[in-house]
Amino acid sequence: MKRTILLLMVLLLCFHVEAKSHEYTLASPNGRLVAHISSDNVSIGYYIHYNNSMLLRPTFIDLDYSQGNKGHTSMTMRKATRRTIDETIASPFTRQAAMRNHCNELTLQFKEGLSLVFRAYDEGLAYRFVWEGKPGRVNKETVNYNFNGDWTVTAPYVISFDSMRHEIQYSTSFENHYTTKPISQLDPRRLCFLPLMVHCDGGVKVCITESSLSDYPGLYLHGTGKSGILVGEHAPLPKHVEQGGHNNLQLIVKEREDYIAEMDRTKHFPWRIMMVGTATEIAMNNLSYLLGEPSRVEDISWIKPGKVAWDWWNNWNISGVDFEAGINNDTYKHYIDFASRYGIEYVILDEGWAVNGKADLFQVVPDIDLPMLVNYAKERNVGIILWAGYYAFDRDMEHVCQHYSAMGVKGFKVDFMDRDDQIVTDFYRRTAETCAKYHLVVDFHGAFKPAGLNRTYPNVLNFEGVFGLEQMRWAGLEWDQMKYDTEIPFIRQAAGPMDYTQGAMLNGCRNSFHPSWNEPMSQGTRCHQLALYIVLESPLNMLCDSPTNYEKEPDYTRFVAEIPTVWDETRVLQGEVGEYIVTARRKGDTWYIGGITNWTERDIEIDLSVLYNADADEPQMPVCGMAAADNLMIFSDGINAHRKGSDYNVISFLSDSSALKIHLAPGGGFVMKIN
């Protein structure tokens, strides 16, 4: 850490030695964001202005690499090239049908095959190293953020923490609530995983994440105790691993190398992204997807997003049947019949269908006849997705995918990776590639945030990396899920879709919520849960509760099942981080608007006119034109939702009004459908 601080001080001096340095300026297309970049053949630094105010002070970056026995000693400049990119790319299975990729780019080429690429977007700044030299290793990548003030940061600490064993933090499920405090007050001993958000002066937010992360360790950040400074860290490459962990399904790192990655002749390093804008602009930021590598799947016609009837969260609890519920054929036929009745695309067989402790996906428990269930589901237009532990899937990936694809299985939910070192990030790529080969969709659970892989392999529909609803089976009110729900759309979701697993039918207000393993409930109201289907992006989206509970309210369940999971257009209409958010999404000619609040009840007014005023900056995006009178259906918190969370109202009417007022109960929400 002392070395990093010293390098930052040296860099501040280097920026003023103009005779020995190469200086470059790179502005975003609208000119509001300007990066100043300096290279003196030894070090590289940059600083940023946004709206004519300094956002980032001079900040040092570096790549410490080795080629055989030859270490990196300098970055001697060869040449600099510039270009402007302005294109529209298809973005299937996401929050919108197409995205504009518009930026100015600067590439600095150094000797020995190393380049550094900067891109300035109206929405933020990104940079990455590119290696085209001889094979070697990366000893360390220096990533720093030297903000122009000790601004407040909202960041998730790695939960695994031992002050005596720093390396324990490299094994994590990437799930935690956020800590909000000045940057200097972050615990320097604790790593934060990405994304995180810095709240700058003037309402400007910076969300830090990365993209094009493959075959390279993920980035963590930590404080230094100094004003405004965040320092990066990567997990070293595992040297020795042993099978163990949850049901013997993980590979536990016992020893690590003294470097972070090995590289072949050509290596594109991850993009380091700073999303910049207001809170609602960050919530609509597409840089993580845009900076992912282009799709490697030519035919995507077989990829099918949709809803999933899920078993694990409700503990296989169904009632009113003539068989004992559990992990058996009768129970799953019941889930399949339920999914078929409501047009739900998938049923997941979660943990338990394969023999526990064996890490062998070909050992199926005796109570499950998998070919029969797959055929039974197919006859009812329902697909089967199988849960798989990391090591069980990785040990014979090709055979597993080939076998179950031939059987008719539609995808895998792969769980318990709980790391993001080079070995595991390469596992993500291999999984996506192999599953695409056999026409299988993928849901990464026990996973780090999305980092562009869903663009490269569109069959990767979902990632966890979120403190989702599953936690409510054991977490009490000390975990403020209502605040967290109003933070993640601005922070975690900026990186891409999430497997939050919403849909609880038992809903607790502050005075009634309690964790339960067998009959779990959500914090907040029913309409809060419903609105999460709009507010959160999730192409493979769970109905987490029991079919028994859904069947008691068939009209509500039918509405949930019909909500799209991928969209033609998304707009975040209003919101504040940790307070509330209102999101509008369009599919075809139909708009859905969803809003949620924290534990503070509030009245909001929605201006519907913005939904039919085209955005002049993005003319390629189709816009739904509202008629003189539109059909509106509104689900809103009931008058007693503050004391009984499941209380809600439904009204349908014709409206020619451009503004509507909605009341949200504490922990409440609403959903509006317009067509």
Side-chain angles (χ1 to χ4, degrees), residues 160 171-173 238 240-255 308 310-317 324-333 335-336 346-377 383-419 421 423-424 426-428 430-435 437-438 440-447 464 470 473-474 499 501 517:
S160 303
S171 295
T172 175
S173 63
H240 174 65
V241 297
E242 293 181 3
Q243 183 183 358
H246 178 82
N247 274 336
N248 260 344
L249 292 171
Q250 296 173 281
L251 291 176
I252 309 302
V253 179
K254 297 297 184 179
E255 186 179 2
V308 183
W310 185 37
D311 52 7
W312 182 88
W313 192 76
N314 58 76
N315 205 30
W316 297 265
N317 268 333
E324 184 174 349
I327 301 173
N328 56 51
N329 292 328
D330 287 334
T331 298
Y332 281 116
K333 288 170 72 174
Y335 276 85
I336 292 166
Y346 296 103
V347 168
I348 277 185
L349 274 64
D350 212 284
E351 185 173 13
W353 67 269
V355 178
N356 280 336
K358 300 296 184 181
D360 184 350
L361 295 175
F362 296 104
Q363 293 192 40
V364 181
V365 296
D367 290 334
I368 293 291
D369 183 342
L370 207 50
M372 181 276 293
L373 288 175
V374 171
N375 288 331
Y376 186 86
I384 295 296
I385 295 175
L386 299 178
W387 183 94
Y390 160 45
Y391 178 62
F393 191 80
D394 191 31
R395 65 187 299 187
D396 198 4
M397 185 187 298
E398 184 86 19
H399 190 195
V400 165
C401 290
Q402 182 183 45
H403 174 78
Y404 285 110
S405 175
M407 185 184 292
V409 168
K410 299 302 181 183
F412 282 95
K413 175 183 176 180
V414 188
D415 203 350
F416 284 110
M417 285 73 70
D418 290 352
R419 291 165 28 213
D421 50 54
I423 289 175
V424 170
D426 185 55
F427 165 79
Y428 278 55
R430 291 187 294 107
T431 297
E433 181 178 62
T434 307
C435 284
K437 176 180 177 181
Y438 292 102
L440 296 163
V441 299
V442 183
D443 174 9
F444 283 118
H445 217 62
E464 191 183 18
E470 66 179 34
R473 291 184 75 176
W474 53 80
D499 193 10
T501 66
W517 185 261

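Reckoned from all heavy atoms, side chains included, excluding hydrogens, waters and symmetry mates. If you're wondering where the values come from, they're calculated on a predicted model, not measured in any experiment.
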Run the numbers on Phe412 and Val400 for side chain to side chain contact (heavy atoms under 4.5 Å, CB included), then give the verdict.
CA-CA 10 Å; Phe412 282 95; Val400 165; 3.7 Å; yes

Do you know the tightest heavy-atom contact between Asp415 and Gly446?
OD1-N, 3.2 Å

May I ask you to decide if Val424's main-chain N or O and Asp421's side chain share a donor-acceptor pair within less than 3.5 Å?
yes

Taking the side chain from Asp311 and the backbone from Asp350, do they hold a donor-acceptor pair closer than 3.5 Å?
yes

For the pair Arg430 (side chain) and Asp394 (backbone), establish whether a donor and an acceptor sit closer than 3.5 Å, ignoring hydrogens and angles.
no

With side chains defined as the heavy atoms from C-beta onward, is the minimum distance between Lys413 and Val308 less than 4.5 Å?
no

Under a 4.5 Å cut-off applied to non-hydrogen side-chain atoms, are Tyr332 and Trp353 in contact?
no

Glu398: salt bridge (charged side-chain N to carboxylate O under 4.0 Å, His left out) partners, not counting sequence neighbours:
Lys437

For residues Leu361 and Trp387, determine if any side-chain heavy atom of one lies less than 4.5 Å from a side-chain heavy atom of the other.
no

Here the pair of heavy atoms bringing Glu324 nearest to Thr331 is O-OG1, 3.9 Å

Just wondering, do Arg419 and Pro238 contact through their side chains at under 4.5 Å, heavy atoms?
yes

Between Asn329 and Asp367, is there a side-chain heavy-atom distance shorter than 4.5 Å?
no

Any side-chain heavy-atom pair of Phe393 and Phe427 under 4.5 Å
yes

Under the criterion side chain to side chain contact (heavy atoms under 4.5 Å, CB included), I'd like the reasoning laid out for Thr431 against Phe444: C-alpha separation, chi angles, the key distance, then a yes or no.
CA-CA 10 Å; Thr431 297; Phe444 283 118; 3.8 Å; yes

For the OH atom of Tyr438 and the SG atom of Cys435, what is their distance to the nearest 0.5 Å?
10.5 Å

Carefully, step by step, assess Asn248 and Lys358 under the rule side chain to side chain contact (heavy atoms under 4.5 Å, CB included).
CA-CA 7 Å; Asn248 260 344; Lys358 300 296 184 181; over 6 Å; no

Out of curiosity, Leu251 CG to Gln243 CD, how far, rounded to the nearest 0.5 Å?
7.0 Å

Tyr391 versus Gln250, closest heavy-atom pair with distance
CB-N, 4.2 Å

Are the side chains of Leu370 and Leu386 in contact, using a 4.5 Å heavy-atom criterion?
yes

Report the residues that fulfil side chain to side chain donor-acceptor pair (under 3.5 Å) with Asp396, sequence neighbours left out, ordered by chain and then residue number.
His399

Please find the pair of heavy atoms, one from Ala447 and one from Met417, that lie closest to each other, and give the distance.
CB-CE, 4.1 Å

Tightest non-hydrogen contact, residues Ile384 and Val409, listed as O-CG1, 3.4 Å

Side chains of Asp418 and Tyr390: is there a donor and an acceptor less than 3.5 Å apart?
no

Just wondering, are more than 12 heavy atoms of other shown residues or ligands nearer than 6.0 Å to NZ in Lys410?
no

Any non-hydrogen side-chain atom of Val355 less than 4.5 Å from a side-chain atom of Val364?
no

Scanning both residues in full, the closest heavy-atom pair of Met407 with Val374 reads O-CG1, 3.3 Å

Polar side chain donor-acceptor pair, Trp310 to Tyr346, under 3.5 angstrom
no

